[in-house]
Student: 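This is the structure, below, for whatever I ask next.
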Amino acid sequence: MYVSRMFLPTQREVPSEAEIASHQLMLRAGLMRKVASGIYAFLPLGYRAFRKVERIVREEMDRAGAQELIMPAVLPAETYMESGRWSVFGPEMFRLKDRGGREFCLGPTHEEPFTETVRNEIHSYRGLPLTLYQIQHKYRDEKRPRFGVMRSREFVMKDAYSFDRDEAGLDVSYQAMYRAYRRVFDRCSLDYIVVDADSGAMGGSGSQEFMVKSDVGEAVVAFCDACGYAANDEKATAVPAPEAKTGVLLPAERVATPNVKTVEDLMKFFGTTSKKFAKTLVYRTDDGRLVAAMVRGDRELNETKFHNLVGATELELASPEDVERVTGAAVGFAGPVGLKERIELYADLEVAEMENFVVGANDTDQHLKNVNVGRDFVPTKVADLRTVEAGDACPVCGRPLGQCRGIEVGHIFKLGTKYSKILHCNYLDEAGAENAMVMGCYGIGVNRTLAAVIEQHHDANGIVWPLAVAPYHVTVVPVMASDAAQMAMAKDIHYRLEEAGIDVLLDDRDERPGVKFKDADLLGIPLRVTVGRKYADGIVEYKERTAEKPTEMTPGEAVDKAVAAVREALRA
RNA sequence: CGAGGUGUGGCUCAGUCCGGUAGAGCACCUGGUUUGGGACCAGGACGUCGCACGUUCGAAUCGUGUCACCUCGACCA
């Protein structure tokens with residue numbers, strides 16, 4: 001491809017709307033342009049890279065035995081009404097009506113149409129197992145799209161769905177996907193970890209996320225270097241770390257604490273550590289229940305865990321009015337003892353281990369000290385409710401946990417029979433008995449994966465594509481476009497590479513060399529062959545994007561070296 | 001959805017407080033000189049200053065409304 005003919009709008013300046021490296025570089029290198037908030041057009045160079053990722057995904061899905069199909073992006077409301085998700089998705093779903101007033105949506109995820117299709121066509125165990133997938137645009141009207149394609153409202157997802165006779169079959173299908181995912185992200189040269197994830201509202205028996213390590217990731221993961229435990233912080237647990245006990249229960253006592261509301265205020269007032277307090281937080285569920293959660297003063301409540309425990313669809317902090325009604329006190333003085341209304345009260349594991357601690361008295365400007373679980377109050381249930389922190393003890397081996405941020409590029413999920421039961425996706429076994437199919441679902445965010453690659457592979461000058469996803473493998477740069485002999489040699493190298501099946505650019509523009517080198521670096525083309533000052537002696541320069549300096553060699557050697565490097569890198 | 005911010009040529013931004021002929025750099029076009037890490041000189045084109053209404057002799061600038069975009073938070077099978 002001749003650069004002079006390409007639609008490749010690069011920008012010298014950093015676009016003001018882009019915050020993170022991948023977003024800035026995707027705009028600067030002319031990979032994409034924004035059409036609306038969270039909606040992007042891929043330009044030729046970006047689309048090439050996108051298709052490289054897509055191809056890797058497709059190859060690995062096919063290798064794992066999954067079969068590709070394509071569902072419509074526009075789906076009728078009925079498809080999601082049967083499962084109940086027409087209402088569950090709420091405003092996040094892009095909805096539209098046809099001319100007859102019938103309701104449709106742009107598919108946010110496709111469990112329903114896949115399940116429906118399989119239900120309609122497969123009725124026997126003979127048709128199982130089956131894994132189907134598509135690479136499709138998905139639509140979610142995110143409250144806050146950000147970071148370019150990292151969190152967008154239209155995005156491309158590879159979503160696969162497996163259908164098995166039983167749990168054992170699901171395990172096999174799931175493992176096949178797990179291995180395929182590892183291969184996909186390995187081939188993309190991503191540094192990632194696989195973490196246990198919350199399977200909460202989706203039900204099901206297990207779920208793992210593929211997290212690309214990155215400071216700009218929106219997810220927080222806890223991991224243990226010693227034993228390999230790793231989990232999304234929504235799910236991560238740690239060994240409780242109770243304070244030493246004296247075994248002497250002191251009598252509970254009311255203390256006037258005017259304007260002492262926060263844990264920090266309390267520490268000052270009582271002159272002790274936050275580990276001697278317990279916070280009581282009141283939440284409201286979507287069905288109108290008020291529920292309370294207690295965690296130790298130095299801990300954070302993990303809303304996901306609480307959410308799952310309470311069994312609500314929606315959960316949010318109760319309004320001040322609700323809190324005042326339940327506690328009979330201003331916000332900040334809630335406690336487990338003497339609540340005005342009987343509400344469910346859940347205590348974290350560590351709260352259950354506390355002794356002679358301080359809680360709100362359910363009376364404005366009053367706290368209770370020397371409170372003890374069992375004697376002064378009995379929680380509805382004691383459970384793990386806190387968010388883990390770096391340094392907490394690993395739940396598997398007890399060593400300190402580390403924490404890092406991650407970009408979720410893939411998610412694999414054992415759905416079980418959640419959808420097959422609701423949607424009556426059944427099969428007859430050998431004995432003629434009807435059973436619900438056991439399902440799994442597996443997603444990869446294709447454009448997010450592309451952004452993650454850039455996030456992990458760039459430097460001050462631009463993108464540094466791994467060969468496997470580079471839009472072009474090699475760029476041939478004649479230093480003086482006006483020198484016909486030089487240009488002829490560059491064209492010859494370009495031709496020979498192209499003939500060898502290499503994706504190659506020829507920067508034939510009549511620009512100063514500095515401009516071409518800067519652009520080559522910005523675009524991140526992994527290999528560069530420069531035809532310059534020594535071309536008359538039959539010498540060109542070969543340089544890897546990451547190398548400090550070029551190496552001199554003959555054009556033939558440069559071609560051979562580039563071809564070998566590309567073939568080596570693409571050997572899947 | 002809550003809070004904050006920004007909308008001026010393709011890009012980055014100044015001008016707005018204090019109303020008076022719309023600016024700079026980069027990019028673009030023409031000619032010339034250049035040519036190993038984003039050249040230089042000369043000339044040129046490109047704007048209803050997000051939109052609407054209002055105040056005023058006069059609005060990029062003041063007021064009201066509205067839209068878009070960005071950041072933080074909340075939310076996110």
Side-chain angles (χ1 to χ4, degrees), chain A residues 9-20 23-24 27-28 30 33-39 80 83-85 88-93 107-112 138 140-148 150-153 155 157 159 161 197-204 207 209 218-219 232 234-235 286 303-304 307-308 313-317 408 411-416 418-419 422 439-443 445 460-462 477-483 486 507 509-523 528 530-535 540-541 543 548-550 552:
Chain A
T10 58
Q11 287 174 193
R12 190 177 296 193
E13 314 233 19
V14 178
S16 59
E17 69 182 50
E19 194 76 358
I20 64 170
H23 188 193
Q24 292 173 351
L27 293 171
R28 283 191 59 207
R33 285 292 181 266
K34 183 172 72 179
V35 173
S37 177
I39 299 183
Y80 290 93
S83 69
R85 290 210 291 183
V88 169
F89 266 107
E92 196 168 293
M93 202 177 228
T109 176
H110 289 203
E111 279 79 9
E112 284 85 350
K138 296 275 187 283
R140 296 182 194 178
D141 193 358
E142 294 281 349
K143 283 175 181 169
R144 182 141 112 82
R146 65 180 117 181
F147 298 154
M150 205 67 96
R151 180 172 210 75
S152 54
R153 298 197 293 172
F155 56 98
M157 184 159 136
D159 50 325
Y161 305 86
D198 173 58
S199 48
M202 288 290 286
S207 159
E209 289 167 343
E218 295 188 76
N232 186 310
E234 292 179 345
K235 163 98 177 178
D286 57 317
E303 288 197 10
T304 304
H307 200 287
N308 293 340
T313 312
E314 297 284 337
L315 188 69
E316 58 179 16
L317 266 173
E408 181 191 344
H411 196 165
I412 57 178
F413 210 113
K414 291 184 182 175
L415 284 175
K418 176 173 166 142
Y419 288 94
I422 304 176
M439 295 173 56
C441 72
Y442 317 90
N461 293 317
V477 180
V479 168
M480 289 273 277
S482 52
D483 183 327
Q486 202 178 96
D507 197 344
R509 295 175 300 171
D510 186 15
E511 287 284 356
R512 297 169 64 84
V515 173
K516 298 188 191 185
F517 294 149
K518 283 288 186 188
D519 267 347
D521 286 351
L522 175 62
L523 302 189
R528 191 179 86 196
T530 308
V531 182
R533 35 170 101 89
K534 295 193 181 169
Y535 84 95
V540 299
E541 291 168 10
K543 181 182 174 298
E548 269 296 310
K549 294 208 181 314
E552 297 188 341

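Here the structure is a predicted model, which is why all the values come from computation and not from measurement. Numbered from 1 within each chain, the chains take letters A, B, ... in sequence-line order.
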Student: Can you tell me, in whole Å, how much space there is between the P of B:rC70 and that of B:rU8?
Tutor: 14 Å

Student: Could you identify the nucleotide paired to B:rU55, looking across every strand shown and requiring Watson-Crick or G-U wobble geometry with both distances under 3.5 Å?
Tutor: none

Student: Check if the side chain of A:Asp521 and the base of B:rG37 share a donor-acceptor pair of N or O atoms closer than 3.5 Å.
Tutor: yes

Student: Take atom P in B:rG36 and the same atom in B:rU48, then report the distance between them in whole Å.
Tutor: 40 Å

Student: Between B:rA27 atom P and A:Leu522 atom CG, what is the distance in whole Å?
Tutor: 15 Å

Student: Expressed in angstrom and rounded to an integer, what is the separation of A:Glu19 atom CD from B:rC70 atom C1'?
Tutor: 8 Å

Student: Looking only at side-chain atoms of A:Phe89, point me to the closest of B:rC13, B:rA77, B:rG36.
Tutor: B:rA77

Student: Which whole-number value in Å describes the distance from A:Glu316 CD to B:rG73 C1'?
Tutor: 15 Å

Student: Under the 3.5 angstrom rule, does the side chain of A:Gln486 hit a backbone N or O of A:Met480 as a donor-acceptor pair?
Tutor: yes

Student: Which one is paired to B:rG7, where only Watson-Crick or G-U wobble pairs with both distances under 3.5 angstrom count?
Tutor: B:rC67

Student: Within the 4.5 Å heavy-atom criterion, are A:Arg28 and A:Val14 side-chain neighbours or not?
Tutor: yes

Student: Taking atom C1' in both B:rU6 and B:rA60, compute the distance separating them and give it to the nearest angstrom.
Tutor: 14 Å

Student: So A:Arg153, base contact, sugar-phosphate only, or nothing? Heavy-atom distance under 4.0 Å.
Tutor: nothing

Student: Taking NZ from A:Lys543 and P from B:rG36, how many angstroms apart are they, rounded to a whole number?
Tutor: 17 Å

Student: Verify the contact: side-chain N or O of A:Thr530 to OP1 or OP2 of B:rG36, cut-off strictly under 4.0 Å; return yes or no.
Tutor: no

Student: Tell me which nucleotide among B:rC13, B:rG36, B:rC69 gets nearest to the side chain of A:Ser16.
Tutor: B:rC13

Student: If I take atom CZ in residue A:Phe147 and atom C1' in nucleotide B:rC72, what distance separates them, rounded to the nearest angstrom?
Tutor: 10 Å

Student: Any strand counts, and the cut-off is 3.5 Å on both contacts for Watson-Crick or G-U wobble. Which nucleotide pairs with B:rA14?
Tutor: none

Student: Mind checking if A:Val88 touches a base, just sugar-phosphate, or nothing, with heavy atoms under 4.0 Å?
Tutor: nothing

Student: My understanding is that only residues two or more places apart in sequence, or in another chain, count here; which of them pass side-chain hydrogen bond (donor to acceptor under 3.5 Å, both in side chains) with A:Arg33?
Tutor: A:Gln11

Student: Using the P atom as the point on both nucleotides, what is the distance between B:rA45 and B:rG7, in whole Å?
Tutor: 28 Å

Student: Could you please name the partner base of B:rA22, counting Watson-Crick and G-U wobble pairs only when both distances are under 3.5 Å?
Tutor: none

Student: Among B:rU12, B:rC72, B:rG36, which is the nearest nucleotide to the side chain of A:Arg146?
Tutor: B:rC72

Student: Which one, B:rU35, B:rC69, B:rA77, comes nearest to the side chain of A:Arg140?
Tutor: B:rA77

Student: Ignoring hydrogens and angles, answer whether the base of B:rG25 and the side-chain atoms of A:Glu13 contain a donor-acceptor pair closer than 3.5 Å.
Tutor: yes

Student: Has the side chain of A:Glu511 got a donor or acceptor that lies under 3.5 Å from a partner of the other kind on the base of B:rG38?
Tutor: no

Student: Please identify which of these residues, A:Arg533, A:Lys534, A:Lys549, meets the side chain to side chain contact (heavy atoms under 4.5 Å, CB included) condition with A:Glu541.
Tutor: A:Arg533

Student: Looking at side-chain heavy atoms only, is the closest gap between A:Glu408 and A:Asn232 below 4.5 Å?
Tutor: no

Student: In whole angstrom, give the distance that lies between atom CE of A:Met480 and atom P of B:rU34.
Tutor: 10 Å

Student: Report the residue (A:Val515 or A:Val14) whose heavy-atom-nearest nucleotide on RNA chain B is the more 5′ of the two.
Tutor: A:Val14

Student: Using the C1' atoms only, state how far B:rC62 lies from B:rG15, rounded to an integer number of Å.
Tutor: 16 Å

Student: Given B:rU12, B:rA77, B:rG38, identify the nucleotide with an atom nearest to the side chain of A:Thr109.
Tutor: B:rA77

Student: Does any nucleotide pair with B:rC72 by Watson-Crick or G-U wobble geometry, both distances under 3.5 Å, and what is it?
Tutor: B:rG2

Student: When you compare B:rG19 with B:rU55, how far apart are their C1' atoms, in angstrom units rounded to a whole number?
Tutor: 11 Å

Student: Distances under 3.5 Å between protein N/O atoms and the N/O atoms of nucleotides 2-7 of chain B, please, pair by pair.
Tutor:
none

Student: Which part of the nucleic acid does A:Lys34 contact within heavy-atom distance under 4.0 Å: base, sugar-phosphate only, or nothing?
Tutor: sugar-phosphate

Student: Counting distance alone, no hydrogens or angles: does the base of B:rG10 have a donor or acceptor under 3.5 Å from a partner atom on the side chain of A:Arg28?
Tutor: no

Student: Hunt down the Watson-Crick or G-U wobble partner of B:rU30, both distances under 3.5 Å, from any strand shown, or write none.
Tutor: B:rA42

Student: Nearest 0.5 angstrom please: A:Thr10 OG1 to A:Asp519 CG, how far?
Tutor: 4.5 Å

Student: Using whole Å, what does the distance between atom P of nucleotide B:rU33 and atom CG of A:Asp510 come to?
Tutor: 13 Å

Student: Which whole number of Å gives the distance between the P atom of B:rG10 and that of B:rC49?
Tutor: 13 Å

Student: Tell me if a side-chain donor or acceptor on A:Glu92 pairs with a main-chain N or O of A:Arg140 at a distance below 3.5 Å.
Tutor: no

Student: Pick the P atom in B:rC28 and in B:rC67, then give their distance to the nearest Å.
Tutor: 38 Å

Student: Can you tell if the side chain of A:Arg85 reaches within under 4.5 Å of the side chain of A:Glu111, non-hydrogen atoms only?
Tutor: yes

Student: Do we get A:Arg528 above A:Phe517's six-membered ring, with its NZ or CZ under 6.0 Å from the centre and within 45° of the axis?
Tutor: yes

Student: Over all strands shown, is A:Glu303 touching base, sugar-phosphate only, or nothing at heavy-atom distances under 4.0 angstrom?
Tutor: sugar-phosphate

Student: Examine the base of B:rU12 for any acceptor or donor lying under 3.5 Å from a partner atom in the side chain of A:Arg12, and report the outcome as yes or no.
Tutor: no

Student: Would you call A:Glu218-A:Arg146 a salt bridge at under 4.0 Å N-O?
Tutor: yes

Student: Which whole-number value in Å describes the distance from A:Tyr161 OH to B:rA77 P?
Tutor: 15 Å

Student: Which nucleotide in the list B:rG38, B:rA77, B:rG36 gets nearest to the side chain of A:Arg533?
Tutor: B:rG36

Student: Do the non-hydrogen side-chain atoms of A:Arg509 and A:Lys516 ever get within less than 4.5 Å of each other?
Tutor: yes

Student: What is the nucleic acid contact for A:Pro9, judged by heavy atoms within less than 4.0 Å: base, sugar-phosphate only, or nothing?
Tutor: nothing

Student: Base, sugar-phosphate or nothing for A:Asp519? Non-hydrogen atoms, less than 4.0 Å.
Tutor: base

